[in-house]
Amino acid sequence: MPSAWSAQDQEWMRLALARARVAAGLGEVPVGAVVVCGDQPVGAGHNLRETRGDPTAHAEVLAVREAASTIGHWRLDGCTVYVTLEPCIMCAGALWLARVERLVFATHDPKAGAAGSLYNVPADARLNHRLRVEHGLMGEESGALIREFFRDLRRRRRPDGVEGCPSG
């Protein structure tokens, strides 16, 4: 991983984090993604699974769809995807299919990550394209956002709003 992230990398991840906050405000898991080609953002998205009732409405998939529409082609050669959480199998597959060059994610997903945690789709030598993967950029901030979201979700689901084991 880079010892020092570029100012542009930081700018794009801040934008992805802003999208993650929009998702959280909608009651969605706070994940945001931005696709950048050259020095231009060409697609962005945040989780909308609950809002749309669509299991494929992940931030990365929505951002890749928008980028392909913006560019006018499905191949995202030379593009970088910035995402606040390590992609799942579906999203890592979508990045592979789109021929994304580089993936930068903020924090690992030990339960569903497919870019190094559980699986490593981007580096699978059996596939005909590999993505360069870098992680850790603004990882603390992204991880805190996700932890806070799930802590609040658990509190809302408890009838008394108190964390911990129910008494009696």
Side-chain angles (χ1 to χ4, degrees), residues 12-37 40-124 127-131 133-135 137-139 141-158:
W12 302 130
M13 188 60 79
R14 275 193 292 278
L15 185 55
L17 280 163
R19 295 302 293 255
R21 287 186 195 91
V22 170
L26 296 170
E28 300 278 353
V29 175
V31 179
V34 176
V35 180
V36 177
C37 292
Q40 296 297 312
V42 293
H46 54 271
N47 276 357
L48 287 172
R49 263 188 346 175
E50 301 297 329
T51 302
R52 292 187 179 176
D54 178 357
T56 69
H58 288 208
E60 302 94 324
V61 170
L62 299 173
V64 163
R65 286 178 183 160
E66 184 175 291
S69 177
T70 299
I71 291 171
H73 199 275
W74 65 268
R75 293 183 76 100
L76 300 180
D77 296 318
C79 295
T80 298
V81 173
Y82 295 86
V83 63
T84 58
L85 183 66
E86 179 183 3
C88 68
I89 295 169
M90 176 184 69
C91 293
L95 300 179
W96 166 70
L97 288 168
R99 304 302 192 262
V100 168
E101 180 179 315
R102 179 177 173 233
L103 164 65
V104 178
F105 68 87
T107 191
H108 284 280
D109 183 351
K111 294 183 178 181
S117 289
L118 291 179
Y119 303 98
N120 200 347
V121 172
D124 192 322
L127 300 174
N128 64 344
H129 172 74
R130 276 170 275 308
L131 294 76
V133 177
E134 300 169 14
H135 61 84
L137 175 59
M138 299 181 189
E141 188 174 347
S142 177
L145 184 62
I146 291 167
R147 285 188 302 277
E148 180 181 325
F149 174 82
F150 283 108
R151 184 185 66 238
D152 291 348
L153 183 63
R154 286 189 297 275
R155 282 184 185 151
R156 285 193 304 272
R157 288 186 176 166
R158 290 267 326 249

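All values derive from a computational prediction rather than experimental measurement.
- Rounding to the nearest 0.5 Å places CZ of Arg157 at 8.5 Å from CZ of Phe150.
- Side-chain atoms of Glu86 come within 3.5 Å of backbone atoms of Gly116 as a donor-acceptor pair (strictly under, hydrogens ignored).
- Val34 is not listed as a side-chain neighbour of Val81, based on a closest heavy-atom distance of 4.5 Å or more.
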For this session: Please assess Gln40 against Val35 for the test side chain to side chain contact (heavy atoms under 4.5 Å, CB included), listing each intermediate value before the final yes or no.
Result: CA-CA 9 Å; Gln40 296 297 312; Val35 180; over 6 Å; no
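- Residues Leu76 and Ile71 meet the side-chain proximity criterion, which asks for heavy atoms closer than 4.5 Å.
- If you take NZ on Lys111 and SG on Cys88, they are separated by 15.0 Å, rounding to the nearest 0.5 Å.
- The backbone N or O of Arg75 lies less than 3.5 Å from a partner atom in the side chain of His73, making a donor-acceptor pair.
- Side-chain N or O atoms of Asn47 include one that pairs as donor or acceptor with a backbone N or O of Val29 at under 3.5 Å.
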For this session: Could you walk me through whether Glu148 and Arg151 pass the side chain to side chain contact (heavy atoms under 4.5 Å, CB included) test, one step at a time?
Result: CA-CA 5 Å; Glu148 180 181 325; Arg151 184 185 66 238; 3.5 Å; yes
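- Within 6.0 Å of the CZ atom in Arg52, the count of heavy atoms belonging to other residues, nucleotides or ligands does not exceed 12.
- Here the straight-line distance linking atom CD of Glu134 with atom CG of Leu103 works out to 9.0 Å at 0.5 Å rounding.
- No side-chain heavy atom of Asp109 sits less than 4.5 Å from a side-chain heavy atom of Ser117.
- In this structure Glu28 satisfies the side chain to side chain donor-acceptor pair (under 3.5 Å) test together with Thr51, sequence neighbours excluded.
- Arg99 is linked by a side chain to side chain donor-acceptor pair (under 3.5 Å) to nothing, counting only residues two or more places apart in sequence or in another chain.
- A distance-only check finds a donor-acceptor pair linking the side chain of Thr70 to the backbone of Val42 [under 3.5 Å].
- Counting heavy atoms from C-beta on, the side chains of His58 and Val31 never come closer than 4.5 Å.
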Exercise. Under the side chain to side chain contact (heavy atoms under 4.5 Å, CB included) criterion, do Thr80 and Val104 qualify, and how do the steps go?
Worked result: CA-CA 7 Å; Thr80 298; Val104 178; 4.0 Å; yes
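- In this structure, His129 contributes its side chain and Ala98 its backbone to no donor-acceptor pair below 3.5 Å.
- Thr84 places no side-chain N or O within donor-acceptor distance of the main-chain N or O of Ala20, the cut-off being under 3.5 Å.
- Between Leu131 and Glu101, the closest side-chain pair of non-hydrogen atoms is not below 4.5 Å.
- Across all their heavy atoms, Leu85 and Glu60 have their closest contact at O-OE2, 3.9 Å.
- Minimum interatomic distance between Ala24 and Pro30 (heavy atoms only, all atoms of both residues): CB-CB, 3.8 Å.
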Exercise. Are Arg21 and Glu141 close enough, and set up right, to give a salt bridge (Lys or Arg N to Asp or Glu O under 4.0 Å), and what steps lead you there?
Worked result: CA-CA 11 Å; Arg21 287 186 195 91; Glu141 188 174 347; 2.4 Å; yes
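- Side-chain atoms of Glu66 come within 3.5 Å of backbone N or O of Ala44 as a donor-acceptor pair.
- Note: Thr107 OG1 to His135 NE2 = 10.0 Å, rounded to the nearest 0.5 Å.
- Put simply, the side chain of Leu95 does not reach to within 4.5 Å of the side chain of Pro122, judged on heavy atoms.
- Nearest heavy-atom pair, Leu127 versus Val121, reported as atom, atom and distance to 0.1 Å: CD1-O, 3.5 Å.
- You'll find the side chain of Val36 stays beyond 4.5 Å of the side chain of Cys79, heavy atoms only.
- The side-chain heavy atoms of Glu50 and Leu26, taken from C-beta on, include no pair separated by under 4.5 Å.
- Not counting sequence neighbours, Arg49 has no partner by the side chain to side chain donor-acceptor pair (under 3.5 Å) test.
- With hydrogens and angles left out, the side-chain atoms of Asp124 and Trp96 include no donor and acceptor closer than 3.5 Å.
- When all heavy atoms are compared, the tightest approach of Ala63 to Gly45 is CB-N, 3.7 Å.
- Minimum heavy-atom separation, Gly27 to Phe149: O-CZ, 3.7 Å.
- Taking the six-membered ring for Trp and thresholds of 30 and 60 degrees, Trp12 and Tyr82 have ring planes inclined between 30 and 60 degrees apart.
- Between Pro55 and Met90, the shortest heavy-atom contact is O-CE, 3.9 Å.
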